[in-house]
Amino acid sequence: MINKTVSNVEEACKGIKDSMTLMLGGFGLSGIPENAIKELVRLNVQDVTCISNNAGVDDFGLGLLLRKHQIKKMISSYVGENKEFERQMLSGEMEVELIPQGTLAQRCQAAQSGIPAFFTPAGYGTEVAEGKETREFDGKMYVMERAFKADFAFVKAWKGDEAGNLIFKGTARNFNPNMCGAAKITVAEVEELVPAGELDPNEIHIPGIFVQRIFQGTAYEKRIEQRTVRPKK
Amino acid sequence: MINKTVSNVEEACKGIKDSMTLMLGGFGLSGIPENAIKELVRLNVQDVTCISNNAGVDDFGLGLLLRKHQIKKMISSYVGENKEFERQMLSGEMEVELIPQGTLAQRCQAAQSGIPAFFTPAGYGTEVAEGKETREFDGKMYVMERAFKADFAFVKAWKGDEAGNLIFKGTARNFNPNMCGAAKITVAEVEELVPAGELDPNEIHIPGIFVQRIFQGTAYEKRIEQRTVRPKK
Amino acid sequence: MSLSKEQIAQRIAKEVKDGYYVNLGIGIPTLVANFVRDDIDVEFQSENGILGMGPFPFEGEEDPDLINAGKQTITALPGASFFDSALSFSMIRGQHVDLTILGSMEVAQNGNIANWKIPGKMVKGMGGAMDLVASAENIIVAMMHTNRAGASKLLKECTLPLTGVECVRKIVTNLAVLEVKDNAFHLLERAPGVSVEEIKEATEGDLVVTGEIPEMKL
Amino acid sequence: MSLSKEQIAQRIAKEVKDGYYVNLGIGIPTLVANFVRDDIDVEFQSENGILGMGPFPFEGEEDPDLINAGKQTITALPGASFFDSALSFSMIRGQHVDLTILGSMEVAQNGNIANWKIPGKMVKGMGGAMDLVASAENIIVAMMHTNRAGASKLLKECTLPLTGVECVRKIVTNLAVLEVKDNAFHLLERAPGVSVEEIKEATEGDLVVTGEIPEMKL
């Protein structure tokens with residue numbers, strides 16, 4: 001067993017530099033790497049490019065980096081929940097590339113898989129396809145999309161073991177497994193870190209080979225963005 | 001819950017016709033759809049094209065179809081374990097397309113995913129790339145490969161539920177999940193079929209949306225091809 | 001009498017057939033789940049990674065690890081499954097989802113749709129909409145017939161940046177049910193009490209009216 | 001004295017470093033696992049879908065659902081994981097596997113390799129070999145220096161259909177350890193008691209011999 005554990009988030013983030021490209025898992029505020037984001041704020045890295053489906057809210061998630069103007073460019077599919085984001089984007093302070101959600105996921109998976117490019121129908125005929133190769137297959141039009149290139153991927157899992165194996169929970173899984181191994185270094189933070197052998201090899205969502213560093217996170221807030229309920233009968 | 005259960009293998013194989021293209025899961029003899037294969041022999045469908053990593057052995061797995069000359073064409077990565085196969089191939093009785101194992105898996109996954117084509121480095125500069133588009137990305141050469149098109153996919157899982165959700169076991173997983181939803185109709189046979197709600201939604205390997213018919217198989221032989229052991233100390 | 005948003009959802013619910021996997025967009029489409037007949041089997045997919053989505057949780061049972069694509073807390077029904085984003089869009093791109101219902105800002109008579117961006121103003125992003133409209137065979141748009149300024153949303157050509165091309169087949173608005181084909185909007189049903197004239201007036205694109213147009217049944 | 005297959009495996013085992021994920025081909029490569037130092041941490045990947053592969057099971061504990069790519073019954077070590085074929089080749093193509101050790105029929109001095117087909121005769125298929133050689137940065141070929149007929153397997157150009165182009169960096173045979181670079185075989189080590197002359201004679205391709213060539217240490 002190759003041990004991937006590091007003792008804390010500081011060690012996990014070693015080597016992060018200004019102007020790097022970072023991938024961050026999560027959908028909305030669910031399954032985001034809370035510890036890593038706080039550390040990025042503390043380290044005050046500048047001019048980073050972030051690949052993440054969303055941009056957090058004003059005072060949580062990637063919103064924390066936005067507020068400190070650490071982000072040079074965001075690559076996302078939906079950024080609707082963040083006023084400061086909209087301001088920085090419309091004012092031109094921050095560069096924004098909006099891409100279809102499925103294309104975002106697949107460009108991560110392509111990077112993970114050593115697939116340099118693939119074809120998708122998403123965005124054909126729209127501004128998303130501008131400057132990209134398009135091609136017909138069996139009578140339907142497709143856009144060629146490239147694998148992402150990133151320096152660090154930060155993911156959040158429910159359980160993990162020393163070997164870096166990960167298990168996610170519910171819809172907090174989302175982009176996290178697809179970003180593992182899609183950057184030069186993948187940092188996984190987990191709610192519960194267990195010794196190798198405690199996780200059933202059949203139930204592992206992402207094998208440790210895709211993870212370079214793993215640590216047990218602390219003080220998870222796990223904020224809910226839209227609390228919707230029905231009354232108990 | 002959309003119920004995918006059918007009562008037996010006969011019902012599961014309804015609609016199979018001569019000259020169809022079939023995908024069959026399994027690696028060697030591990031995780032092969034034993035019940036479906038026997039039914040294909042009984043139905044005596046002719047001139048089928050089989051997409052399967054291997055071709056079974058002389059008297060088990062796809063070897064059973066081979067023996068009855070039901071296969072017009074095999075698309076596989078490794079067929080070394082089957083003398084009748086080699087004979088039919090070298091004599092020209094059967095057409096054979098050998099392709100890299102990773103390309104086989106990815107062409108299944110592409111079909112499952114609505115990705116019509118992708119680039120892989122496998123086979124560049126070899127006869128596998130002949131007649132195919134090749135292209136350089138970041139200084140490395142790649143071959144463009146297409147998604148498979150198949151009529152039926154036959155997969156074998158360990159557990160399944162009425163909704164068609166599947167859980168595989170050990171290395172019997174192999175190509176099975178990648179073939180689900182990669183053909184027009186996916187038929188899953190399982191060792192244990194349980195009511196919806198009994199499988200943990202977090203532990204499902206393949207969601208039922210990729211499966212059209214599911215049934216509990218019978219009389220699994222699960223033959224071992226190379227029994228290798230070490231003595232007990 | 002023009003339909004309420006609930007009534008639009010109610011009418012669309014009749015398009016949901018037994019055995020359908022359905023993806024519901026944010027807004028009116030989300031309401032459709034409340035009106036699907038309970039004698040048919042349907043599963044709702046949410047592109048953030050759940051199939052078999054159930055109703056909102058009981059108060060106190062919300063789980064931050066269990067949300068839908070609108071970031072609302074939800075529940076999972078028996079037979080549900082969780083999966084990653086790549087597999088979720090395999091379901092969508094691979095046409096395993098049978099029906100997509102989404103809102104829109106504009107639809108053109110050739111089936112083009114624009115619903116993700118107002119340049120220089122509203123730029124929230126397309127989320128999964130571009131994947132959905134480029135992939136689905138069966139797309140229903142749920143929207144008001146006109147915008148807040150009273151201008152038609154059913155146009156000869158979209159004026160906003162496109163989400164997808166030639167993909168919308170059916171539209172249900174507060175005024176009508178329409179089919180999109182042969183480069184025109186074909187009127188199928190009127191909202192109760194709404195005249196063909198009123199619909200014509202509210203439709204900027206070419207409207208084809210063939211024979212008697214029945215009133216919707218809700 | 002030329003090396004036995006076990007000794008070739010033993011020599012290759014020294015190339016396996018702490019923290020390596022290793023894919024072992026069928027034949028001599030499989031034997032390498034037996035000789036890896038036990039004070040380093042290594043995980044073996046088998047492309048049919050296991051990481052953390054262990055030794056053969058004890059008699060009576062064989063599981064048909066737990067095999068390696070050679071179809072042999074195996075065990076899983078603590079920290080192991082199972083996965084599907086697509087993800088398995090994501091590990092390989094995505095260069096997450098650090099070292100690939102495989103057998104061959106021919107290697108050319110430009111790094112080309114041919115090990116899957118003898119036209120009209122032996123046509124077993126390439127299995128995962130084409131993916132492995134096209135992807136890995138670090139490939140070691142384990143083979144006998146000559147074939148059964150005594151002909152060299154280290155050639156100016158491959159005569160058999162290729163498995164991959166310009167990919168082999170290192171070769172360990174029963175006679176020598178060689179590096180492949182600058183369109184030549186560079187002799188690094190001799191098998192104990194084997195002379196440079198003997199190696200030259202057994203090598204059809206260009207052999208570069210620089211300075212004193214040390215004997216292998218096993």
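Proteins get letters first, then strands, A, B, ... in listed order; numbering begins at 1 in each.
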Is [X] close to chain A through its backbone or its side chain, or both, or neither, when contacts mean heavy atoms under 4.5 Å?
| X | value |
| --- | --- |
| D/L77 | neither |
| D/I92 | neither |
| D/V42 | backbone |
| D/Y21 | both |

> With distance as the sole test, does D/E43 use its side chain to make a donor-acceptor pair with the main-chain N or O of A/I2 at under 3.5 Å?
Replying inline: yes

[X] atom [atom1]: more than 12 heavy-atom contacts under 6.0 Å:
| X | atom1 | result |
| --- | --- | --- |
| D/K170 | NZ | no |
| D/E59 | CD | no |
| D/E61 | CD | yes |
| A/E221 | CD | yes |
| A/K184 | NZ | no |
| A/K140 | NZ | yes |
| D/D39 | CG | yes |
| D/E157 | CD | no |

Tell me the closest heavy-atom pair linking [X] and [Y], and the distance in Å.
| X | Y | answer |
| --- | --- | --- |
| D/G79 | A/A163 | O-CB, 4.1 Å |
| A/Q112 | D/H96 | O-NE2, 2.8 Å |
| D/S81 | A/I204 | CB-CD1, 3.9 Å |
| D/M91 | A/P207 | CE-CG, 3.5 Å |

>> For the interface with chain D, which of A/N3, A/I206, A/N165 has the highest count of heavy-atom pairs at distances below 4.5 Å?
In response: A/N165

Measuring from [X]:[atom1] to [Y]:[atom2], what's the distance to the nearest 0.5 Å?
| X | Y | atom1 | atom2 | answer |
| --- | --- | --- | --- | --- |
| D/D98 | A/I209 | CG | CD1 | 7.0 Å |
| A/N202 | D/L66 | CG | CG | 10.0 Å |
| A/I115 | D/F89 | CD1 | CZ | 12.0 Å |
| D/L87 | A/H205 | CG | NE2 | 12.0 Å |

>> Only pairs of heavy atoms separated by less than 4.5 Å count here; which of D/S90, D/P78, D/A86 has the most with chain A?
In response: D/S90

